[in-house]
Student: 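One structure, pasted below without further comment.
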Amino acid sequence: MADRNSRFSVKKKEKKVENKTNDEKDKEKEKGKEKIVKKPDKVVKKPEKTPEQPPKTDEEKKENGESEGATGAEANNIEENSEFQPIELPPFEIVTGEQMSPFYFKFQFRNVEYSSGRNKTLLCFRVDTPGGSTEPLKGYMEDEHATAHAEEAFFQQVLPNASQECEVTWYVSSSPCVACAAKLASILQQRKKLRLCIFCSRLFEWEQPEIVEGLRALVKAGCKLRMMKPVDFLHVWETYVEKEEESFTPWEDCQENYDYYMEKLADILK
């Protein structure tokens, strides 16, 4: 009996322990639920205590490294849109009723044998109509040997009317190239009422056979081709140069260089 009672008492003790353990577990669960329920209250209260911050300026964003990707993308878009947009620049400049600078004239028109650094053609023009009924059209134009040379540009911009009867006089810093000589010859053949006289300061690549043939064809088409004398340089200075009170004296070798080029031109046209 003692053993049975002792066993029974042990079982009762075990049950009590188990009951206590279960009770403790229930209490811990309830405490855990309370903790879980209370946590959101703390999280929700935090934003209420945080003061509102004003929006950041662009400078602050740049300092913090924010929105750099957006600004970079915008910059790339601007660069892409602007980089490949064609910019139309005229290959020549036409100046009507105005005068060139003294430096341009003295450098570009000097009748040296080798025209080093002179990479453009200056063309001074005078257009006279029959009977002198209208005032002669005067001006000058220049090119940088880009798309259209000054000789071709003159008939495109200054004298586009093919049926107009007129007499044209040019004073050019250099004689026409092969392409321009061919185009001028074609224009003279088409415009029967046009008379053209060209005074050249220098001969352009006169040793090249194609240049020789081009100048010959130009003269054959009716063009009068001349070299500029010292008096012609003085005329251009007085008429087409913005000289103010500055005077011009032809270069020391001006006459000598004229004689040299005149001999070469005579050889070409004989």
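We use all heavy atoms of the structure for the numbers below, so side chains are in, but hydrogens, waters and symmetry mates are not. What you see is a predicted model, and the numbers here were worked out from it, not measured in a lab.
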Student: Contact between Glu167 and Leu194 at the side-chain level, heavy atoms closer than 4.5 Å - yes or no?
Tutor: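 When only atoms from C-beta onward are counted, Leu194 and Glu167 do not touch, as no gap falls below 4.5 Å.
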
Student: Determine whether the side chains of Thr129 and Thr134 contain a donor N or O and an acceptor N or O closer than 3.5 Å.
Tutor: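 There is such a pair between these side chains.
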
Student: Applying side-chain contact (heavy atoms from CB on, under 4.5 Å), name anything that partners Val241, two or more places apart in sequence or on another chain.
Tutor: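 Partners of Val241 under the side-chain contact (heavy atoms from CB on, under 4.5 Å) test: Met100, Pro102, Phe105, Trp237, Lys243.
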
Student: As an exercise, state the distance from CG of Leu159 to CD1 of Ile187, rounded to the nearest 0.5 Å.
Tutor: 9.5 Å

Student: A side-chain contact here means heavy atoms from C-beta on lying under 4.5 Å apart; do Phe125 and Val158 qualify?
Tutor: yes

Student: What closest approach, in Å, do Arg191 and Ala162 show between heavy atoms, and which atom pair accounts for it?
Tutor: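 Taking Arg191 first and Ala162 second, the nearest heavy atoms are NE-CA, 3.5 Å.
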
Student: Spell out, yes or no, whether Val231 and Met227 are grouped together once hydrophobic residues are joined by side-chain heavy atoms under 4.5 Å, including indirect joins.
Tutor: no

Student: According to salt bridge (charged side-chain N to carboxylate O under 4.0 Å, His left out), who are the partners of Lys193, at least two apart in sequence or on a separate chain?
Tutor: none

Student: So, using ring-ring contact (aromatic ring centres under 6.0 Å, His included) as the criterion, who are the partners of Phe233 when residues are at least two apart?
Tutor: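 Residues passing ring-ring contact (aromatic ring centres under 6.0 Å, His included) with Phe233: Trp251.
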
Student: Hey, are the side chains of Lys220 and Leu215 touching, using non-hydrogen atoms and a 4.5 Å cut-off?
Tutor: no

Student: Out of curiosity, Cys254 SG to Leu234 CG, how far, rounded to the nearest 0.5 Å?
Tutor: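 The SG atom of Cys254 sits 10.0 Å away from the CG atom of Leu234.
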
Student: Can a donor-acceptor pair be found, under 3.5 Å and without considering hydrogens, that links the side chain of Ser201 to the backbone of Phe109?
Tutor: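 It does hold such a pair.
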
Student: For Met141 versus Ala153, what's the shortest heavy-atom pair and its separation?
Tutor: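 Here Met141 and Ala153 meet closest at CE-CB, 3.6 Å.
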
Student: What's the verdict on side-chain contact (heavy atoms from CB on, under 4.5 Å) for Arg195 and Cys166, showing C-alpha distance, side-chain angles and the deciding distance?
Tutor: CA-CA 6 Å; Arg195 300 292 179 267; Cys166 57; over 6 Å; no

Student: What distance separates Glu242 CD from Ser101 OG, expressed to the nearest 0.5 Å?
Tutor: 8.0 Å

Student: Of all heavy-atom pairs between Cys180 and Glu151, which one has the smallest distance, and what is that distance?
Tutor: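 The answer is SG-OE1, 3.6 Å.
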
Student: Between Phe103 and Gln108, is any pair of side-chain heavy atoms under 4.5 Å apart?
Tutor: no

Student: Mind checking whether Leu137 and Arg126 have side chains closer than 4.5 Å, heavy atoms only?
Tutor: no

Student: Considering residues at least two apart in sequence or located in another chain, which fulfil the side-chain contact (heavy atoms from CB on, under 4.5 Å) criterion with Ser186?
Tutor: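 Once residues adjacent in sequence are excluded, the partners of Ser186 under the side-chain contact (heavy atoms from CB on, under 4.5 Å) criterion are Gln190.
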
Student: Is there a side-chain contact between Pro176 and Leu218 (heavy atoms, below 4.5 Å)?
Tutor: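 Yes, close enough: below the 4.5 Å cut-off.
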
Student: Arg226: which residues meet the side-chain hydrogen bond (donor to acceptor under 3.5 Å, both in side chains) condition with it, sequence neighbours left out?
Tutor: none

Student: With a 4.5 Å cut-off on side-chain heavy atoms, are Cys200 and Leu225 touching?
Tutor: yes

Student: Val178: which residues meet the side-chain contact (heavy atoms from CB on, under 4.5 Å) condition with it, sequence neighbours left out?
Tutor: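 Listed in chain order: Glu210, Ile211.
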
Student: Verify side-chain contact (heavy atoms from CB on, under 4.5 Å) between Gln208 and Val212, making sure each step is shown before the conclusion.
Tutor: CA-CA 6 Å; Gln208 301 297 326; Val212 172; over 6 Å; no

Student: Taking only residues two or more places apart in sequence, or in another chain, which ones meet Ala221 in a side-chain contact (heavy atoms from CB on, under 4.5 Å)?
Tutor: Ala185, Leu188, Gln189

Student: Can you tell me how far the CG atom of Leu184 sits from the CD1 atom of Ile198, to the nearest 0.5 Å?
Tutor: 5.5 Å

Student: Can you name the residues that form a side-chain hydrogen bond (donor to acceptor under 3.5 Å, both in side chains) with Asp232, not counting sequence neighbours?
Tutor: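 None.
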
Student: Enumerate the residue pairs fulfilling ring pair (Phe, Tyr, Trp, His ring centres under 6.0 Å) with a member in residues 165-195, sequence neighbours excluded, ordered by first and then second residue.
Tutor: Phe154-Trp170, Phe155-Trp170, Tyr171-Phe199, Tyr171-His235

Student: Just wondering, more than 12 heavy atoms not from Glu246 lying within 6.0 Å of its CD?
Tutor: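 Yes.
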
Student: Can you tell me how far OG1 of Thr239 sits from OH of Tyr140, rounded to the nearest 0.5 angstrom?
Tutor: 14.5 Å

Student: Flag the pair Tyr258 / Lys229 as yes when at least one side-chain heavy-atom distance between them is below 4.5 Å, and no otherwise.
Tutor: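 Yes, side chains in contact.
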
Student: With rounding to the nearest 0.5 angstrom, report the OG1 to CD distance, Thr121 to Glu142.
Tutor: 10.0 Å

Student: Considering residues at least two apart in sequence or located in another chain, which fulfil the side-chain hydrogen bond (donor to acceptor under 3.5 Å, both in side chains) criterion with Ser163?
Tutor: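 In terms of side-chain hydrogen bond (donor to acceptor under 3.5 Å, both in side chains), with neighbours along the sequence ignored, Ser163 is linked to Asn161.
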
Student: Whether Asp253 and Arg110 form a salt bridge (side-chain N of Lys/Arg under 4.0 Å from carboxylate O of Asp/Glu) is what I want to check.
Tutor: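 Looking at Asp253 together with Arg110, the answer is yes, because their closest N to O distance falls below 4.0 Å.
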
Student: Output side-chain donor-acceptor pairs under 3.5 Å for residues 260-270, partner residues at least two apart or in another chain, one line each.
Tutor:
{"unit_1": "Tyr260", "atom_1": "OH", "unit_2": "Glu113", "atom_2": "OE2", "d": "2.9"}
{"unit_1": "Tyr261", "atom_1": "OH", "unit_2": "Val112", "atom_2": "O", "d": "2.6"}
{"unit_1": "Tyr261", "atom_1": "OH", "unit_2": "Glu113", "atom_2": "O", "d": "3.0"}

Student: Which residues pass the side-chain hydrogen bond (donor to acceptor under 3.5 Å, both in side chains) test with Lys224, sequence neighbours left out?
Tutor: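 Per chain and number, Lys224 pairs via side-chain hydrogen bond (donor to acceptor under 3.5 Å, both in side chains) with no residue.
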
